[in-house]
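Please read the structure below before turning to the comments.
In what follows, chains are A, B, ... by sequence order, proteins preceding strands, each numbered from 1.
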Number of protein chains: 2
Amino acid sequence: MAKNGKISDAVIRRLPKYYRYLGDLLKNGINRISSNELSRLTGFTASQIRQDLNNFGGFGQQGYGYDAKKLREEISKILGLDHKYKVVIVGAGNIGQAVANYAGFYEEGFEIMALFDKNPKLVGLRIRDLEIMDIDDLKEYLTHHKIDLVVLCTPKEASQGIADIVTSCGVQAIWNFAPTDIKVTDNVAIENVRMNESLYTLVYYYNEKSNNFNN
Amino acid sequence: MAKNGKISDAVIRRLPKYYRYLGDLLKNGINRISSNELSRLTGFTASQIRQDLNNFGGFGQQGYGYDAKKLREEISKILGLDHKYKVVIVGAGNIGQAVANYAGFYEEGFEIMALFDKNPKLVGLRIRDLEIMDIDDLKEYLTHHKIDLVVLCTPKEASQGIADIVTSCGVQAIWNFAPTDIKVTDNVAIENVRMNESLYTLVYYYNEKSNNFNN
DNA sequence: AATATTTTGTTATAAGCATAACTGAAGCTG
DNA sequence: CAGCTTCAGTTATGCTTATAACAAAATATT
């Protein structure tokens, strides 16, 4: 752990993977798991796994391992997946609709309350049970509904403006799919999904491997 | 740089961001940029930026800075964005369609050649200029077309199987949107877009910040 | 033209992170 | 139930990555 006592970002980003594999194990009826076995599954070293989990307390037992169900619940609590979250999607284009339609989020407690878009051709259209609303009504909506999380799927030119609006209405978490950097105050959590950067990185490694073949 | 002479992943993943901001600068008619100014824009330290760029050669000039156009071209070459790539999307559901419809990829040289899906209701449907093809014809298609990159947007149960098929047909790059770990041989580049993990991480930080408020 | 300033390239230092090693507790075996 | 094995928790080590410092080169200034 860092000297300031804060858990490092790298650790936090490994937790969802543990969470996923523990879920898989439970589905297969396996309830006992060692750091060694988890290492084999996740690709992280057993040492790292033990250290990661120990940041939050001793969830395991020497000579036995970890109880998969208990451990998964603990990680769930750490991440906050034991709560429900009210979500609004802004930008109901391709990505916005894809997020809205992704059933997996519902299962984990993310409830999509509304979708907004600027495009009159989209406004009024129904996605799942929700009618896409006019973005001009976003501020009004947010002042009357306590929303935890806004998914930002707007074109990059509009993103900062929307972010300003939603944070001014008290929203404290933004999941940003726009390929731009959003500035928010320190009390707002923001997480970027940078598909462009991901793709470019892939291409780099693709070429690196292809070049090897030509040597 | 690491001892083995290989550029570290962290460096590679910063390059797209430099690339993006350099593009923005050029759009605004700015052609001279210092590491200090780039630092202000990207949030990375000037020191890190200089070190990153120096991994690939001295693109700047002391006392002057970097020529934005030249530097952007260099990064383009490093990442391989100066080439064109033929892309096939497997899984034409929400995410597959979103990727297909995202115009930005075309601009950067990624040409979507075909879409495949298993669902008979989707097969035959047109996305942009492309008719969604039956997944049973995927192997046949790949044996007759040289494809650089496959975008995997299938349900997680199907993903490994599809990955096996496409790699056996010589595809050496997979952009995986399925929330599962795909095993590929060492000559295949794989990049995962883990939306679940991104969302869970966001929720962790959201709660961390909210808790602070209650103290 | 001489000097001060800017700014990179590069080296040195420090911080962060991951791996390895160790200790002791619990489970397993004969 | 004694000894052996397993395995988590924890400490120590090593490596990687980021930051800071510095020297040299080019630019800008007077």
Side-chain angles (χ1 to χ4, degrees), chain A residues 1-18 21-22 25 30-75 78 201 204, chain B residues 1-18 21-22 25 30-75 78 201 204:
Chain A
M1 209 189 316
K3 273 182 197 163
N4 55 16
K6 250 189 106 209
I7 310 287
S8 87
D9 186 63
V11 174
I12 301 304
R13 287 181 190 278
R14 280 191 291 269
L15 296 182
K17 199 165 181 180
Y18 300 142
Y21 275 105
L22 289 166
L25 287 167
I30 298 166
N31 205 50
R32 176 182 171 176
I33 184 81
S34 69
S35 60
N36 251 300
E37 195 59 18
L38 257 179
S39 165
R40 206 185 49 77
L41 290 171
T42 60
F44 307 131
T45 65
S47 213
Q48 183 163 64
I49 292 169
R50 290 201 299 276
Q51 228 176 24
D52 281 357
L53 298 177
N54 248 87
N55 282 314
F56 305 98
F59 302 140
Q61 193 155 36
Q62 287 165 325
Y64 177 87
Y66 298 90
D67 179 288
K69 184 157 179 288
K70 183 189 154 207
L71 180 56
R72 187 160 188 271
E73 280 168 9
E74 292 290 350
I75 294 175
I78 294 164
T201 305
Y204 172 85
Chain B
M1 210 188 319
K3 273 183 197 163
N4 55 16
K6 251 189 103 207
I7 311 287
S8 88
D9 186 62
V11 175
I12 301 303
R13 287 180 190 278
R14 279 191 291 270
L15 295 182
K17 199 165 181 178
Y18 300 143
Y21 274 104
L22 289 166
L25 287 167
I30 299 167
N31 205 51
R32 175 183 171 176
I33 184 81
S34 68
S35 59
N36 250 300
E37 196 60 18
L38 258 179
S39 165
R40 205 185 50 76
L41 290 172
T42 60
F44 307 131
T45 64
S47 213
Q48 183 164 63
I49 292 169
R50 290 200 299 276
Q51 227 175 25
D52 281 356
L53 298 177
N54 248 88
N55 282 315
F56 305 98
F59 302 140
Q61 192 157 36
Q62 287 164 325
Y64 177 87
Y66 299 89
D67 179 288
K69 184 158 177 290
K70 183 190 154 208
L71 180 57
R72 188 160 187 272
E73 279 168 10
E74 292 290 351
I75 293 175
I78 294 164
T201 305
Y204 173 84

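Across all strands, A:Ile49 comes closer than 4.0 Å to no nucleic acid atom at all (heavy-atom distances). Using a 4.0 Å heavy-atom distance criterion, A:Ser47 is classed as a base contact.
A 4.5 Å side-chain heavy-atom check between A:Tyr18 and A:Leu71 finds every atom pair outside the cut-off.
Remark: the backbone N or O of B:Tyr64 is paired with a side-chain donor or acceptor of B:Arg32 at under 3.5 angstrom. In this structure, B:Lys17 contributes its side chain and B:Thr42 its backbone to a donor-acceptor pair below 3.5 Å.
A straight line from CG of B:Asn55 to P of D:dT17 spans 11 Å, rounded to a whole angstrom. Residue A:Asn36 contributes atom CG, which lies 13 Å from atom C1' of C:dA20 at whole-angstrom precision. Atom CG in B:Asp9 sits about 8 Å away from atom P in D:dT17, given to the nearest Å. We find that CG of B:Leu38 is positioned 12 Å from P of C:dG9, with the value rounded to whole Å. Going from atom CG of A:Asp52 over to atom C1' of C:dG16 covers 14 Å, rounded to whole Å. Computed from coordinates, the B:Gln61 CD to C:dT5 C1' distance equals 16 Å when rounded to whole Å. Rounded to whole Å, the distance from CG on B:Leu53 to C1' on C:dT8 is 10 Å. Following rounding to the nearest Å, A:Phe59 (CZ) and C:dA25 (P) show an atom-to-atom distance of 21 Å.
Under 4.0 angstrom from either OP1 or OP2 of D:dT19 there lies no side-chain N or O belonging to B:Arg50. Residue A:Thr45 places at least one side-chain N or O closer than 4.0 Å to OP1 or OP2 of C:dT19. Applying the 4.0 Å criterion to OP1 and OP2 of D:dC7, one finds that A:Ser35 has every side-chain N and O outside that range. Considering only side-chain N and O atoms, B:Tyr66 lies under 4.0 angstrom from the phosphate OP1 or OP2 of C:dG9.
Picking from D:dA8, C:dT11, C:dC28 the nucleotide with the shortest atom distance to the side chain of A:Arg32 gives C:dC28. When distances run from any side-chain atom of B:Gln51 to the nucleotides C:dA12, C:dT8, D:dT10, the shortest one goes to C:dA12.
In plain terms, the two heavy atoms of A:Arg14 and A:Asp52 that are nearest each other are NE-OD2, 2.6 Å.
Annotation: cation-pi pair A:Lys70/A:Phe59 absent, no NZ/CZ under 6.0 Å from the ring centroid and within 45° of its normal.
If A:Gly60 and B:Gln48 are placed on DNA chain D by their nearest nucleotide, the residue sitting closer to the 5' end is A:Gly60. When each of B:Gln62 and B:Val11 is assigned the nucleotide of DNA chain D bearing its nearest heavy atom, the one mapping closer to the 5' terminus is B:Val11.
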